[in-house]
Student: 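What follows is a structure written as structure tokens; I'll ask about it next.
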Amino acid sequence: MTRPASFKYFKTSSEIIRLAVMLYIRFPLSLRNVEDLLHERGIDASHETVRYWWNRFGPMFAAEIRLKRVQQLRPFSKWKWHVDEVFVKVNGKRHYLWRAVDHEGEVLEAIVTKRRNKQAALKFLRKLMKRNGKAETVVTDRFASYRAALRELDALEKQQTVRWLNNRAENSHLPFRRRERAMQRFRRMRSLQKFAAVHFSVYNHFNQERSLTSRDTFKLTRTAALAEWRELGAA
């Protein structure tokens, strides 16, 4: 279990650390971009300091967000899940990022594997179901490994493979792809897994679906999300 965030031995204020971590994870910025933005605000912090803050506090913030959201969504988990995978280059070698989103576009889980086969699909689905319960419907593409894995999980009757039905999962990759280009790809599988897990939690937290709500509602939800972010690690 990830230990709670603690700012006890840091000279920099917790507000500045939260701001730096949010800028780096939420927006497609490099470490040096974040350093320049902080400098514009009168904050002197090198890009290596930002890197340390992100590595130290990013997973802690994400775990706190994820715990709250899982507790809220688990009673209503019997919905439609969209599952998809996309290849990602890690140090020049192809790896696969598996993602699941619900019917509202909320990212539920993301894991990285070296292979794209039944064992990888089974690992992903088991982790997904362990954390989020079981869905009524699992939408996938026609990749045979999904069918084999769902058969082993005794959930084959829940699978749907209708054409275009899985666009929600495919579109969920776009924010991560923009982030990947800004980072100039990844060097290690471990760092990819770490960033993917943190990124989807922060993305869920700040994603307000502004196109589906009025401007006034969007402003209220955006303000509430920012206020909750500023309270992370405060306990």
Side-chain angles (χ1 to χ4, degrees), residues 62-63 65-90 93-180 186 189-190 192-209 211-213:
I65 293 171
R66 188 161 53 245
L67 179 62
K68 292 179 180 178
R69 298 187 84 83
V70 168
Q71 290 174 345
Q72 293 171 356
L73 297 176
R74 192 177 180 87
F76 310 99
S77 63
K78 296 184 180 299
W79 287 335
K80 182 182 291 185
W81 291 350
H82 298 259
V83 180
D84 190 40
E85 77 289 339
V86 65
F87 77 87
V88 183
K89 287 290 185 68
V90 179
K93 296 182 180 179
R94 176 173 291 189
H95 290 67
Y96 298 92
L97 175 63
W98 304 70
R99 294 163 65 89
V101 300
D102 65 13
H103 67 290
E104 294 182 337
E106 189 93 356
V107 184
L108 302 173
E109 195 62 60
I111 70 167
V112 182
T113 64
K114 291 183 178 180
R115 299 183 182 277
R116 182 174 176 259
N117 53 20
K118 175 188 172 182
Q119 287 73 25
L122 196 59
K123 175 183 177 182
F124 173 60
L125 290 172
R126 280 175 173 164
K127 184 175 182 181
L128 175 64
M129 292 178 179
K130 180 179 180 181
R131 179 170 289 172
N132 298 279
K134 295 183 179 180
E136 292 181 351
T137 305
V138 180
V139 182
T140 71
D141 56 26
R142 298 182 181 179
F143 182 44
S145 294
Y146 287 124
R147 185 176 182 85
L150 288 169
R151 183 186 293 113
E152 185 163 329
L153 294 171
D154 197 24
L156 186 58
E157 71 281 356
K158 297 181 178 182
Q159 184 184 26
Q160 289 187 2
T161 57
V162 181
R163 191 178 185 184
W164 314 122
L165 192 60
N166 210 25
N167 284 352
R168 183 171 289 279
E170 294 173 359
N171 290 337
S172 73
H173 294 302
L174 297 180
F176 181 82
R177 285 301 199 190
R178 288 194 291 268
R179 205 59 199 76
E180 180 189 18
F186 297 89
M189 179 178 171
R190 182 179 178 183
L192 169 57
Q193 176 65 71
K194 180 178 180 180
F195 188 85
V198 175
H199 180 268
F200 87 72
S201 291
V202 176
Y203 176 79
N204 286 342
H205 184 73
F206 287 104
N207 182 28
Q208 306 301 328
E209 296 287 351
S211 61
L212 303 179
T213 60

Student: Could you walk me through whether Trp81 and Leu108 pass side-chain contact (heavy atoms from CB on, under 4.5 Å), step by step?
Tutor: CA-CA 9 Å; Trp81 291 350; Leu108 302 173; 3.4 Å; yes

Student: Side-chain contact, heavy-atom cut-off 4.5 Å: Thr137 with Lys158?
Tutor: no

Student: Quick one: do Thr140 and Gln159 satisfy side-chain hydrogen bond (donor to acceptor under 3.5 Å, both in side chains)? Show the steps, please.
Tutor: CA-CA 7 Å; Thr140 71; Gln159 184 184 26; 2.9 Å; yes

Student: Does the side chain of His95 come within less than 4.5 Å of Phe87's, by heavy atoms?
Tutor: no

Student: Of all the heavy-atom pairs spanning His173 and Leu97, show the shortest one and how long it is.
Tutor: CE1-O, 4.3 Å

Student: Can you tell me how the ring of His199 sits relative to the ring of Phe176, calling it parallel under 30°, perpendicular over 60° and tilted otherwise?
Tutor: perpendicular

Student: Under 4.5 Å between any side-chain heavy atoms of Asp102 and Lys80, yes or no?
Tutor: no

Student: In sequence, state the C-alpha distance, the side-chain angles, and the governing distance for Lys118 and Glu152, and then conclude on side-chain contact (heavy atoms from CB on, under 4.5 Å).
Tutor: CA-CA 10 Å; Lys118 175 188 172 182; Glu152 185 163 329; 2.9 Å; yes

Student: Only pairs at least two apart or in different chains count here, so list each salt bridge (Lys or Arg N to Asp or Glu O under 4.0 Å) that has a residue in residues 169-178.
Tutor: Arg177-Glu180

Student: Would Val83 and Val139 satisfy side-chain contact (heavy atoms from CB on, under 4.5 Å), going step by step from the backbone distance to the final call?
Tutor: CA-CA 6 Å; Val83 180; Val139 182; over 6 Å; no

Student: Which residues pass the side chain to side chain donor-acceptor pair (under 3.5 Å) test with Arg115, sequence neighbours left out?
Tutor: none

Student: Might you point out which heavy atoms bring Asn117 and Ser145 nearest each other, and give the distance in Å?
Tutor: C-OG, 3.2 Å

Student: Could you walk me through whether Val88 and Phe186 pass side-chain contact (heavy atoms from CB on, under 4.5 Å), step by step?
Tutor: CA-CA 9 Å; Val88 183; Phe186 297 89; 4.3 Å; yes

Student: Applying ring-ring contact (aromatic ring centres under 6.0 Å, His included), can you list everything that pairs with Tyr146, at least two apart in sequence or on another chain?
Tutor: Trp98, Phe143

Student: Would you name the heavy atoms of Ala120 and Thr113 that are closest together and state the gap between them?
Tutor: CB-OG1, 3.8 Å

Student: Would you say the side chain of Leu153 lies within less than 4.5 Å of the side chain of Arg126, judging by non-hydrogen atoms?
Tutor: yes

Student: For Glu109 and Asn132, indicate whether the former's side chain and the latter's backbone hold a donor-acceptor pair under 3.5 Å.
Tutor: no

Student: Going by heavy atoms in the side chains, are Tyr96 and Val112 under 4.5 Å from each other?
Tutor: no

Student: Main chain of Ala169, side chain of Asp84: is a donor-acceptor contact present, judged purely on distance under 3.5 Å?
Tutor: no

Student: Do Arg69 and Glu106 have side chains that get closer than 4.5 Å, going by heavy atoms?
Tutor: yes

Student: Would you indicate whether the side-chain heavy atoms of Lys93 and Met189 approach each other to under 4.5 Å?
Tutor: no

Student: Return yes if some donor-acceptor pair links the side-chain N/O of Arg99 with the main-chain N/O of Glu85 below 3.5 Å, else return no.
Tutor: no

Student: Do the side chains of His82 and Ser172 get nearer than 4.5 Å, heavy atoms only?
Tutor: no

Student: Between Asn204 and Phe200, is there a donor-acceptor pair closer than 3.5 Å when you use the side chain of the first and the backbone of the second?
Tutor: yes

Student: More than 12 heavy atoms of other residues, nucleotides or ligands under 6.0 Å from CZ of Arg190: is that the case?
Tutor: no

Student: What heavy-atom pair brings Arg66 and Ala197 nearest, and what distance separates the two atoms?
Tutor: NH1-O, 3.7 Å

